[in-house]
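Below: one structure, written as structure tokens.
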Amino acid sequence: MKRIALFVLGGVLVSTGALAQAPDTAVETALLAAPANLREAATVIKWKPDFTYDTLKKGTNRLVCYDRTGFPEQQPFSVECTSVANLDRVAQNLKFEASGDKVKTKALLDAAESDGTRVKPEYGSVWYHMQGADREHARAHMTIAVPGATTQSIGLPDNNKQGTVWIMNAGTTTAHLMTPGE
């Protein structure tokens with residue numbers, strides 16, 4: 001009887017240990033997209049199917065990171081970080097992408113942009129992405145949100161032909177700064 005009790009207790013301890021490690025792995029993975037100097041203070045969340053989230057790690061700065069691996073329309077490995085002020089926009093993106101149909105997603109995004117229901121990102125907020133076929137071959141990419149920005153309003157070109165920082169999707173809520181070679 002003592003052996004059975006010890007076996008059961010051991011099984012519980014092992015399974016508890018495995019569960020305790022899972023959030024640490026999830027946190028570490030999500031933080032891969034964050035700059036090293038911001039990781040320790042960043043919040044990490046896990047998106048739920050209803051486009052709400054659970055907080056896995058509460059941070060002390062405004063950066064929030066999450067894993068999008070396995071989500072519709074994402075690469076096989078995909079993690080992202082941005083300002084906590086952008087979580088409503090991220091939730092809207094996830095909702096629009098949920099069908100996995102890029103044509104449908106674009107139509108939903110265009111309609112929301114047109115009718116004014118597209119959630120705007122925080123002006124000047126940074127979006128850090130790390131995506132690829134797998135973790136080992138992922139590419140880091142960073143953009144800066146400038147919703148509504150145009151060449152006339154901020155003086156940067158709206159194409160990459162000059163080899164300088166430029167505005168992609170100028171004049172929309174999706175307008176963001178792109179950096180050549182980044």
Side-chain angles (χ1 to χ4, degrees), residues 26-27 29-35 38-39 41-75 77-131 138-160 165-179 182:
V27 167
T29 299
L31 288 172
L32 289 172
L38 298 177
R39 284 184 187 146
T43 294
V44 176
I45 63 170
K46 179 174 176 54
W47 287 101
K48 298 191 299 191
D50 66 354
F51 314 113
T52 61
Y53 57 86
D54 289 322
T55 301
L56 302 180
K57 174 188 170 286
K58 179 71 175 137
T60 56
N61 64 21
R62 293 180 45 79
L63 191 67
V64 61
C65 301
Y66 41 89
D67 190 346
R68 293 182 58 159
T69 301
F71 286 28
E73 299 187 34
Q74 295 304 307
Q75 292 189 34
F77 177 81
S78 179
V79 291
E80 185 171 81
C81 301
T82 192
S83 168
V84 295
N86 292 332
L87 288 176
D88 288 342
R89 183 173 178 97
V90 176
Q92 187 180 50
N93 291 346
L94 295 174
K95 185 177 181 180
F96 289 164
E97 295 169 356
S99 73
D101 180 339
K102 289 186 180 202
V103 173
K104 184 176 179 182
T105 299
K106 183 170 178 2
L108 290 167
L109 289 168
D110 290 348
E113 187 75 36
S114 177
D115 69 18
T117 59
R118 185 72 171 113
V119 177
K120 287 184 184 176
E122 178 180 49
Y123 195 95
S125 61
V126 182
W127 294 76
Y128 300 100
H129 311 272
M130 185 174 227
Q131 302 172 318
R139 175 185 171 277
H141 180 61
M142 178 199 70
T143 61
I144 300 170
V146 288
T150 62
T151 297
Q152 295 74 24
S153 68
I154 65 173
L156 293 171
D158 61 5
N159 62 63
N160 63 354
V165 172
W166 61 285
I167 311 165
M168 184 172 204
N169 301 322
T172 70
T173 65
T174 309
H176 57 280
L177 301 181
M178 298 289 288
T179 305
E182 194 282 314

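Pairing each heavy atom of Thr151 with each of Asp158, the nearest pair is OG1-N, 3.4 Å. Taking each heavy atom of Pro72 and Ala98 in turn, the nearest pair found is CG-O, 3.5 Å. Of all heavy-atom pairs spanning Gly148 and Ser153, the tightest one is O-OG, 4.4 Å. The minimum heavy-atom distance between Pro147 and Ala145, with the atom names listed, is CD-C, 3.6 Å. Looking at every heavy atom in both residues, Thr143 comes nearest to His129 through OG1-NE2, 4.1 Å. Between Val165 and Pro157 the shortest heavy-atom distance is O-CD, 3.6 Å.
Among residue pairs with one or both ends in residues 115-130, those qualifying as salt bridge (charged side-chain N to carboxylate O under 4.0 Å, His left out) are Arg62-Glu122; sequence neighbours excluded.
Atom-to-atom distance recorded for Asp88:CG and Asn86:CG is 9.0 Å, nearest 0.5 angstrom. Rounded to the nearest 0.5 angstrom, His176 NE2 and Ile167 CD1 are separated by 10.5 Å. Distance check: Thr60 OG1 to Leu38 CG gives 10.0 Å after rounding to the nearest 0.5 Å. Considering CD of Glu97 and NZ of Lys104, their distance stands at 13.0 Å, rounded to 0.5 Å. Taking CG from Leu109 and CG from Asn93, the interatomic distance works out to 6.5 Å, rounded to the nearest 0.5 Å. To the nearest 0.5 Å, the span separating NZ on Lys46 from SG on Cys65 amounts to 15.0 Å.
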Problem set entry | Working for side chain to side chain donor-acceptor pair (under 3.5 Å), residues Tyr66 and Glu80 | CA-CA 6 Å; Tyr66 41 89; Glu80 185 171 81; 2.4 Å; yes

For this session: Begin with the C-alpha distance, continue with both residues' side-chain angles, and end with the deciding distance and a verdict on side chain to side chain contact (heavy atoms under 4.5 Å, CB included) for Tyr53 and Leu94.
Result: CA-CA 12 Å; Tyr53 57 86; Leu94 295 174; over 6 Å; no

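More than 12 heavy-atom neighbours from other residues, nucleotides or ligands sit within 6.0 angstrom of CZ on Phe71. Counting heavy-atom neighbours within 6.0 Å of Lys48 NZ, excluding the residue itself, gives a total above 12.
Defined by atom type and a distance below 3.5 Å, a donor-acceptor pair is present between the side-chain atoms of Thr174 and Arg89. Residues Asp67 and Thr29 bring no donor and acceptor atom of their side chains to less than 3.5 Å of each other.
Listed by chain and residue number, Gln74, Gln131 satisfy the side-chain hydrogen bond (donor to acceptor under 3.5 Å, both in side chains) test with Ser78 (two or more places apart in sequence, or in another chain). Legend: residues meeting salt bridge (Lys or Arg N to Asp or Glu O under 4.0 Å) with Asp50, ordered by chain and number and at least two apart, are absent.
Counting only distance, with no hydrogens or angles, the side chain of Gln92 and the backbone of Thr117 share a donor-acceptor pair below 3.5 Å. Judged by distance alone, with hydrogens and angles left aside, the side-chain atoms of Thr55 form no donor-acceptor pair with the main-chain N or O of Ile45 at under 3.5 Å. The backbone N or O of Lys58 sits nowhere less than 3.5 Å from a side-chain atom of Thr43 that would complete a donor-acceptor pair. No donor-acceptor pair under 3.5 Å is formed between the side chain of Arg68 and the backbone N or O of Val79.
Side-chain atoms of Met178 and Asn160, non-hydrogen and from C-beta on, never get closer than 4.5 Å to each other. Considering only heavy atoms from C-beta on, Trp47 comes within 4.5 Å of Leu87 through its side chain. A heavy-atom distance below 4.5 Å is not found between the side chains of His141 and Tyr128. A 4.5 Å side-chain heavy-atom check between Trp166 and Leu177 finds every atom pair outside the cut-off. Using a 4.5 Å cut-off on side-chain heavy atoms (C-beta onward), Val84 and Leu63 make no contact.
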